[in-house]
Amino acid sequence: MSMKKVWKKLIPLLAVMSLAAATGGVTAGATDSNNSGQTTLSVGTDNVVDKTETVTISEIPEDAESLTFATYQILYATYDSTTNNFEYHLTAWAESVLVDSTIEVETSIKFKTEESAIAAIQNLGTNGNTTTEQRDLINALASATVDTTYASALADATISDAWSSYKAKDETVTTNLAVGAYLVIPTSSNMAFLNMMVSVDAKLDSNANNTWKTTAHGAVLKGTLNGITKQVSDDISDEYNPGYGDDASVGIGDIVYYAITANVPQFPANSITYEFKITDTPTNVSINLSTVQVYGVDAAGDKTPLTAYDSTKGVTGEENYKVSVDDTSGVLTVDFSNYYLDTFYSSETYTYKSVYITYNAEVLSSAYIATGNENTAKLSYGSSYTTTVASNEAEDKTKVYTYGAVLTKTDDGTTPTALANATFQVSDGSTTLKFVVDGDSTDAHKIYRVADVDDTVTTTDIITGTDGTITIIGLDAGKAYTVKETKAPSGYSLNTNYITVTISAETDDTSGALTGNVASVSSTEYTSSGSEVTGTSKTWKADATDTNHTAADAYMYMSVTDTTLGTLPATGSIGIIVFTIAGVAIMILALILINGGKSKEKAGQGMRK
C-alpha cells in the first residue's frame, strides 16, 4: 500500500450503491452503523487504522442463488495519535486506475492527483452528486479487476471470504471491515447485480473533544429475479383476459398463442460485451415468424413496441433486436445483445423493466399424445469488461396436450362382432377434418392423425381395420366433434345416425395442471334429420386395458353399431331348388291341360261323323 501522507478533508465516506442491483425497482441506499467514540484510533503497521466495524448489505432478494460479493479495498486510513492527524489514501491498485498526473483535464474517472481522486470518491455520497459520477468511477474500478495490469496490486487489496454466508430468506450479509472504502461486485447465478461501494469512516465527535467516532456504511440491495416466464393459450379472443397458463389443450392443426416475459438485466454501462438473448425451442409446433411481436415494459407496466432489424433496410439506427426462426430446428431467437445500451439505457436510467414477446404457432401432425408437447424458453444474459461473456441462463417451459379417440365398429348381434371396412368422417363444427395415415398404422389396426397445413396427402375418410377399430390422434379436449358413418361394410346397413362427442381433460388435483389423460367423454346420438335420439347419451372413459396403446388413458373410447341386412337365398340353396321344382310342376300341368284339351277335341270330331 502507498504510505504517502497527504492531508485530506475529513468528509465522511457514505456508502453508495452504484448502479445497484438487478432488474426492477432497485433502490440505492446506505445502511449506517454508528458506534461509540474512542479517544484514539487503533492502528497497525505503518499507522494504518485497523479499527473495524460491521458492514451490512441488506434486503437481498431471497430468490438470489449462488450469491457472492467480490470485495476490493479502494481507500485506507492512517492515524498518528501524537498529532491526532488522520489521513485517507488510495490503495496502490486504485491509484493506478484513477490517477494520471499527465492529463490536462480531469474527468469522472481520471484525476491528476490522489487528493482529487479521494475527493471524488468521498463525493459519491454527498447530495448533488450525479449517477454518472457514481457509475463511471465505480465501474472504472470494477473493469480494472479483470485487467492483468493491476493483478499484483489488486491481490493486496482483495478481501477474501469477507462476507457471511448468504442463506435464503436471511436477507442480509455482514462482514467486519477496517476504516476505508471498498468496491463490492455482487454476482449470482440467476441475477445480474451492478457494482457498489461500502465504507467505514472515522471523524471527530463534535460532542466529545478529541474523541473519534467510526461509522459503517453498508448498502441496500434490492432486485428481482433475472428470470423468464413462458405461457401458452389456445384462445386469446379476449385481449384483456387471454387465458394464458402453463399448459393448454389443443388439436393438431390448431393455432396456439405464446407469451414470454423476460426481465431486463441491468449491466454496468461501461462493459465491453453484453449478452441478452431469448431462445424458444418448440416441440411439434411450428412458430410463425411473422406473428412475433416484441415490447419493452416499463416500471408502470406500460408496453412500447420495439423495432426488429430488417435486412432489407439495413442498419437505420432504430433497431432494438434481431429475430429469426431456424429453418431446421424451428428455434425462435430474439437477440438484444448488440442493441442493449441503445434499447434499455437512457438518461442515466434503465428504460424498461422487462421485455414481452408474443407469437403464434401451429400444432403439427407429429404432436405427441399423453406426454405433452413442450416449449422451452431460455434467457441467456451476461456482461463483461472483456470480449468474453460468462453467460448465465434461466428457462421456463409450457406444454400443449392433444388427445386421441378409438372408434370401434360392431354389428348388433347378441355378441357384437367387430366389423372391418366401415368408413367414417369427423367434423369440427362445419369443417370436415382431414387426416394423414400414421406410420404405425396397419391393416389390422388403422391409425390416423389429424392433418396440419403442411400435409399434402390427406383424406377425409377413415376406415376401420380388420380389428374393427380406428385410432384418431390429435383431438382437442373441450371441443365437440361430430362422428358420422358414410359407408357401411358389405352386408350391413348404413347407420344414418350421427354422434357428437366431447372429451373432458384430466387435471392434477393439487396443481390443476393437465395430466395428458382423458377424464371422461360425453356423447349424444342424433338422427339424420337432427333429432336427438332419447336415451342414447353415453359417457365413455379411458380404457387402461387397451393393449394397442401404451398411453391408453389419453384416448376416449366409443362404439358404433350397424344392422345386418335381410338375408337373401344364396345360389344352389334349397330356396332356389324349391322355386325350380315348382316351375317344372307348373309346366307339366300346363302340358297335361293342353294335351287333355286336344284329346277332347278329337273325340268330339269322331262323334259328329
- Would you say the side chains of D234 and Y257 form a donor-acceptor pair under 3.5 Å? no

- Item | Flag for D335-T333: side-chain donor and acceptor within less than 3.5 Å | no

- Query: Any idea how F336 and F276 line up, ring-wise: parallel (<30°), tilted (30 to 60°), or perpendicular (>60°)?
  - Reply: parallel

- Message: Less than 4.5 Å apart, side chain to side chain, heavy atoms only: is that true for Y244 and V232?
- Response: no

- Polar contact flag, side-chain donor to acceptor under 3.5 angstrom, T291-N288: no

- Item | Side chains of T68 and T187, donor plus acceptor under 3.5 Å | yes

- Do side-chain atoms of D455 reach the backbone of D452 as a donor and acceptor pair under 3.5 angstrom? yes

- Distance only, no hydrogens: is a donor on one side chain within 3.5 Å (strictly under) of an acceptor on the other, for T469 and D467? yes

- Could you tell me whether D247 and K397 have a side-chain N and a carboxylate O separated by less than 4.0 Å? no

- Query: Does atom OH of Y385 have more than 12 heavy-atom neighbours from other groups under 6.0 Å away?
  - Reply: yes

- Message: For Y368, is there any backbone N or O sitting under 3.5 Å from a side-chain donor or acceptor partner on N373?
- Response: yes

- Query: Is a donor on one side and an acceptor on the other found under 3.5 Å between the side chain of T71 and the backbone of F69?
  - Reply: yes

- Task: Using atom types as modelled and distance alone, determine if a side-chain donor or acceptor of D508 lies under 3.5 Å from a backbone N or O of S511.
- Result: yes

- Is the number of heavy atoms from other residues, nucleotides or ligands under 6.0 Å of D509 CG greater than 12? no

- Message: Please find the pair of heavy atoms, one from V294 and one from V292, that lie closest to each other, and give the distance.
- Response: CG2-CG1, 4.1 Å

- Query: With distance as the sole criterion, is a donor-acceptor pair present between the side chains of N392 and N190 under 3.5 Å?
  - Reply: no

- Check: R449 side chain, I252 main-chain N or O, donor-acceptor pair, under 3.5 Å: no

- Item | Side chain S441, main chain V437, donor-acceptor under 3.5 Å | no

- Message: Under a plain distance cut-off of 3.5 Å, with no hydrogens placed, do S366 and N284 share a side-chain donor-acceptor pair?
- Response: yes

- Query: Take atom NZ in K230; do more than 12 heavy atoms of anything else shown fall under 6.0 Å from it?
  - Reply: yes

- Item | Side-chain H-bond candidate by donor/acceptor type, T388 with T386, under 3.5 Å | no

- Item | F267-Y340 aromatic ring centre distance below 6.0 Å | yes

- Message: Is it the case that over 12 heavy atoms from other parts of the model lie below 6.0 angstrom from the NZ atom of K434?
- Response: no

- Task: Using distance alone, with no hydrogens and no angle criterion, decide if E275 and S391 have a side-chain donor and acceptor under 3.5 Å apart.
- Result: yes

- Task: Please indicate whether K484 has more than 12 foreign heavy atoms, meaning atoms of other residues, nucleotides or ligands, lying under 6.0 Å from its NZ.
- Result: no

- Using distance alone, with no hydrogens and no angle criterion, decide if S249 and D476 have a side-chain donor and acceptor under 3.5 Å apart. yes

- Over-ring placement of K322 relative to Y309, 6.0 Å and 45° cut-offs: yes

- Item | V518 vs E506 side-chain heavy atoms within contact, under 4.5 Å | no

- Taking S189 for the side chain and E65 for the main chain, is one N or O donor matched with an acceptor at less than 3.5 Å? yes

- Charged N to carboxylate O below 4.0 Å: is that the case for K399 and D246? no

- Task: Fit a plane to each ring of Y557 and H549, take the angle between them on a 0 to 90° scale, and name the class: parallel (under 30°), tilted (30 to 60°) or perpendicular (over 60°).
- Result: perpendicular

- Query: Is it true that a side-chain atom of T56 and a backbone atom of S58 form a donor plus acceptor pair closer than 3.5 Å?
  - Reply: no

- Please step through ring-ring contact (aromatic ring centres under 6.0 Å, His included) for the pair Y258 and Y359, ending with a clear verdict. CA-CA 5 Å; Y258 290 98; Y359 68 87; 5.1 Å; yes

- Taking all non-hydrogen atoms of both residues, which atom of V363 and which atom of G251 are closest, and how far apart? CB-O, 3.6 Å

